[in-house]
Amino acid sequence: MNAENGSFDAVVVGSGPNGLAAAIALARRQQSVLVLEGSDTLGGGLRSAELTLPGFVHDLCAEVLPLTLGSPFLSTIPLADFGLHLLQPRIPLAHPLDDGRAAVLERSMERTARGLNADGAAYSRLMGPIVARWRPLVEILLGPFRWPAQPLALARFGLAAILPATVLARLNFRQAPAQALFAGVSAHSILPLERPVSAAFGLVLATLAHAVGWPIARGGSQHVPDALVGYLGSLGGQTRTGSHINSLSELPRHGKALLDLTPRQVLRIEGTDLPNPYRRQLARYRYGPGVFKIDWALETPIPWTAEVCRAAGTVHLGGTLGEVASAEAAVWRGEHPARPFVILAQPTLVDPTRAPPDRHIAWAYCHVPNGSTVDMASAIEAQVERFAPGFAQRILARSTRNACQMQAHNPNYVGGDINGGVQDLRQLWTRPVPRRDPYSTPNPRIFICSSATPPGGGVHGMCGFYAARSALSRSLVTTGRG
Ligand SMILES: Cc1cc2nc3c(=O)[nH]c(=O)nc-3n(C[C@H](O)[C@H](O)[C@H](O)COP(=O)(O)OP(=O)(O)OC[C@H]3O[C@@H](n4cnc5c(N)ncnc54)[C@H](O)[C@@H]3O)c2cc1C
């Protein structure tokens, strides 16, 4: 098809990392592609803006990008040529405790193990074989379910990954720092840590810290979609903002439509001609807890008691394994924990361009029940103050978003769920519905490419890549509709 005639081989609705990855995968195969974005800015969960004060550039959603650097698809794109520079904090992650110590996830697995003292040998035994085979593992995990080329590598990982994070941490580690460190990394699953497969998220993210680091984008995460859009343009792909789609009849003439949307939104789009049994399956799709997000403009770096936190790109606040697990469990019961588990990032430690000279920013969120409107700012700030007394006096300005406001910012965050749906055992590989090719729908012209498909949330673009592959595997015939 000829984009110059206003018709396209494929139209992608939504410009998150998955929508843009899908568009690039299609454009690389000589398909004419248009990306339509409802908001005035491209990038979905990767937008940056001056949320607090002039000159302070905050990331509205994603900030820490191990999945971007480790992504089998995004790593094939020359993003640096299009302005993306990923910066590595000296330490990927620190997890402070009340006694002034902090557990530290270092770039080096050996140094991490040494820092965990009595639990060091157990850490090496657990992580060593996984880190050694990280690439084939990530290739298989960041995609739809399929039989692995290296079953042994996956079997070893799978036996540990299937466990609840609490069980894996207590089986392997005896001391509070190692247990707390593993609990914090696993809490990125947004699952109760007593639930199966919550350990998988801890294992994957810790592995990536050793394999590729936990980088941030210089100048803000917006540079990721900016680079993706630049590369897409070099392949002839087009983008259009301010185009919120309610009906497929609003799309220009096209062959395939790829929707960077979650099931609830797909159901609202008119003209999809999806049969009722499939619609009912989509309607049963489950969303998980939301997030409450806070960004600060700061006078100085955060005055952490544990010195090592001052060099860590990410800091997990929540104390011991027991405390982190109980905060996350409370969220699943519909409660707002008084001491939430907080994920905090400090971009200006490595990127001075994000704030005026000698000033700093910090980014943080905690999990809350889906659809929450509760203001968690004081609870989050109390957790920072607990491990960094004097923090409150360094705050120049703050910006907050509750779970409902997250959805208003980006309709894909249904009720504030940033993973595009629960990622538990039942819905990890079978998102959005159990189907041999989960990206396809019963309508051969419509595909779903958002994080509501495998492998789920995060900035890796793999949902988009596999959805494009699914679309390419069917003949691209124009029916002239739309
Ligand atoms: C607070 C927060 C922190 C996060 N932190 C991290 C992190 O540190 N690292 C990480 O890897 N991930 C992180 N994530 C998750 C990550 O941002 C998402 O998993 C990722 O953006 C999902 O990509 P996507 O392409 O599926 O959807 P999205 O990025 O959500 O993009 C969907 C796009 O579709 C558009 N859209 C929706 N409906 C329509 C419509 N009807 N018509 C047209 N356009 C439409 C939206 O405006 C949006 O631009 C975070 C998310 C949040 C909210």
Side-chain angles (χ1 to χ4, degrees), residues 11-23 35-47 58-71 74 142 188 190 201 204-205 208 214-217 221 224-225 228 239-248 250-251 257-262 264-270 290-295 313-314 343-345 347 363-368 400-403 405-414 416-421 423 431-432 448-453 455-465 467:
V11 172
V12 178
V13 176
S15 70
N18 286 313
L20 293 173
V35 180
L36 294 174
E37 167 55 47
S39 156
D40 291 334
T41 325
L42 295 162
L46 287 163
R47 299 180 189 126
H58 305 274
D59 286 332
L60 279 66
C61 305
E63 171 83 68
V64 187
L65 303 173
L67 289 164
T68 309
L69 201 49
S71 163
L74 295 185
L142 292 186
H188 285 252
I190 324 188
F201 294 79
V204 170
L205 289 174
L208 286 174
W214 282 20
I216 61 152
S221 293
V224 179
L228 290 170
T239 56
R240 197 179 297 158
T241 55
S243 305
H244 186 87
I245 301 303
N246 296 302
S247 164
L248 288 192
E250 296 162 26
L251 305 191
L258 286 85
L259 308 179
D260 187 5
L261 308 174
T262 75
R264 203 170 290 179
Q265 300 153 275
V266 172
L267 286 170
R268 287 208 193 103
I269 301 270
E270 287 172 20
V291 300
F292 181 93
K293 167 94 183 328
I294 184 162
D295 289 277
T314 302
I343 298 171
L344 181 147
W363 162 111
Y365 68 87
C366 71
H367 302 142
V368 290
T400 64
R401 274 211 172 102
N402 66 34
Q405 291 164 332
M406 288 307 308
Q407 180 176 345
H409 163 68
N410 180 345
N412 281 38
Y413 301 141
V414 175
D417 178 344
I418 67 173
N419 275 340
Q423 303 199 127
R431 50 207 296 123
I448 300 178
C449 67
S450 72
S451 60
T453 60
V459 180
H460 42 65
M462 296 308 293
C463 312
F465 167 72

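We count ligands from 1, going down the list as the structure has it; atoms in each ligand are counted the same way.
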Quick one: look up the protein heavy atom nearest [atom] and list residue, atom name and how far away it is.
{"atom": "atom 19 (O) of ligand 1", "result": "Gly458 N, 2.7 Å"}
{"atom": "atom 47 (O) of ligand 1", "result": "Glu37 OE2, 2.6 Å"}
{"atom": "atom 32 (C) of ligand 1", "result": "Asn412 ND2, 3.3 Å"}
{"atom": "atom 38 (N) of ligand 1", "result": "Leu261 CD2, 3.2 Å"}
{"atom": "atom 31 (O) of ligand 1", "result": "Gly16 CA, 3.2 Å"}
{"atom": "atom 15 (C) of ligand 1", "result": "Ile418 O, 3.8 Å"}
{"atom": "atom 17 (O) of ligand 1", "result": "Tyr413 OH, 3.3 Å"}
{"atom": "atom 42 (N) of ligand 1", "result": "Ile245 N, 2.9 Å"}

Indicate whether the side chain of Gln265 and that of Thr262 have a donor and an acceptor atom separated by less than 3.5 Å.
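Thr262 and Gln265 do have a side-chain donor-acceptor pair below 3.5 Å.
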For Glu270 and Asn246, test the side chains for any donor-to-acceptor distance below 3.5 angstrom and give the result as yes or no.
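The answer is no; no qualifying pair exists.
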Measuring from [X]:[atom1] to [Y]:[atom2], what's the distance to the nearest 0.5 Å?
{"X": "His367", "Y": "His188", "atom1": "NE2", "atom2": "NE2", "result": "7.5 Å"}
{"X": "Tyr413", "Y": "Cys61", "atom1": "OH", "atom2": "SG", "result": "4.0 Å"}
{"X": "Leu42", "Y": "Leu228", "atom1": "CG", "atom2": "CG", "result": "10.5 Å"}

Answer with side chain, backbone, both or neither: which part of [X] has a heavy atom less than 4.0 angstrom from an atom of ligand 1?
{"X": "Asn246", "result": "neither"}
{"X": "Val459", "result": "both"}
{"X": "Met406", "result": "side chain"}
{"X": "Trp214", "result": "neither"}
{"X": "Asn410", "result": "side chain"}
{"X": "Asp260", "result": "both"}
{"X": "Pro411", "result": "side chain"}

Hey, mind stepping through Val368 and Asn402 against side chain to side chain contact (heavy atoms under 4.5 Å, CB included) and telling me if it holds?
CA-CA 9 Å; Val368 290; Asn402 66 34; over 6 Å; no
Please could you name the atoms of ligand 1 that [X] approaches to less than 4.0 Å, counting only its heavy atoms?
{"X": "Lys293", "answer": "1 (C)"}
{"X": "Tyr365", "answer": "3 (C)"}
{"X": "Gly457", "answer": "19 (O)"}
{"X": "Gln265", "answer": "37 (C), 38 (N)"}
{"X": "Gly44", "answer": "29 (O), 31 (O), 48 (C), 49 (O)"}
{"X": "Ser451", "answer": "26 (O)"}
{"X": "Ser243", "answer": "42 (N), 43 (C)"}

Spell out, as yes or no, whether a donor-acceptor pair under 3.5 Å connects the side chain of Trp363 to the backbone of Ile343.
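It does not hold such a pair.
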Heavy-atom proximity to atom 4 (C) of ligand 1, best of Ala62, Ala22, Ser15:
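Looking at heavy atoms only, Ala62 sits closest to atom 4 (C) of ligand 1.
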Quick test of your reading of the structure: of Ala452, Gly38, Gly45, whose heavy atom lies closest to atom 29 (O) of ligand 1?
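Nearest heavy atom to atom 29 (O) of ligand 1 lies in Gly45.
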Any nitrogen or oxygen of Ser450, main chain or side chain, under 3.5 Å from a nitrogen or oxygen of ligand 1?
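No - when backbone and side-chain N and O of Ser450 are compared with those of ligand 1, no distance drops under 3.5 Å.
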Could you check whether Arg47 pairs with Glu37 (Lys NZ or Arg NE/NH1/NH2 to Asp/Glu carboxylate O, under 4.0 Å)?
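Yes, this pair counts.
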So is Arg401 close enough to ligand 1, meaning a heavy atom under 4.0 angstrom away?
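It does not; every heavy atom stays at 4.0 Å or beyond.
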In this structure, does ligand 1 have an atom that sits under 4.0 Å from one of the heavy atoms of Cys463?
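Heavy atoms of Cys463 never come under 4.0 Å of ligand 1.
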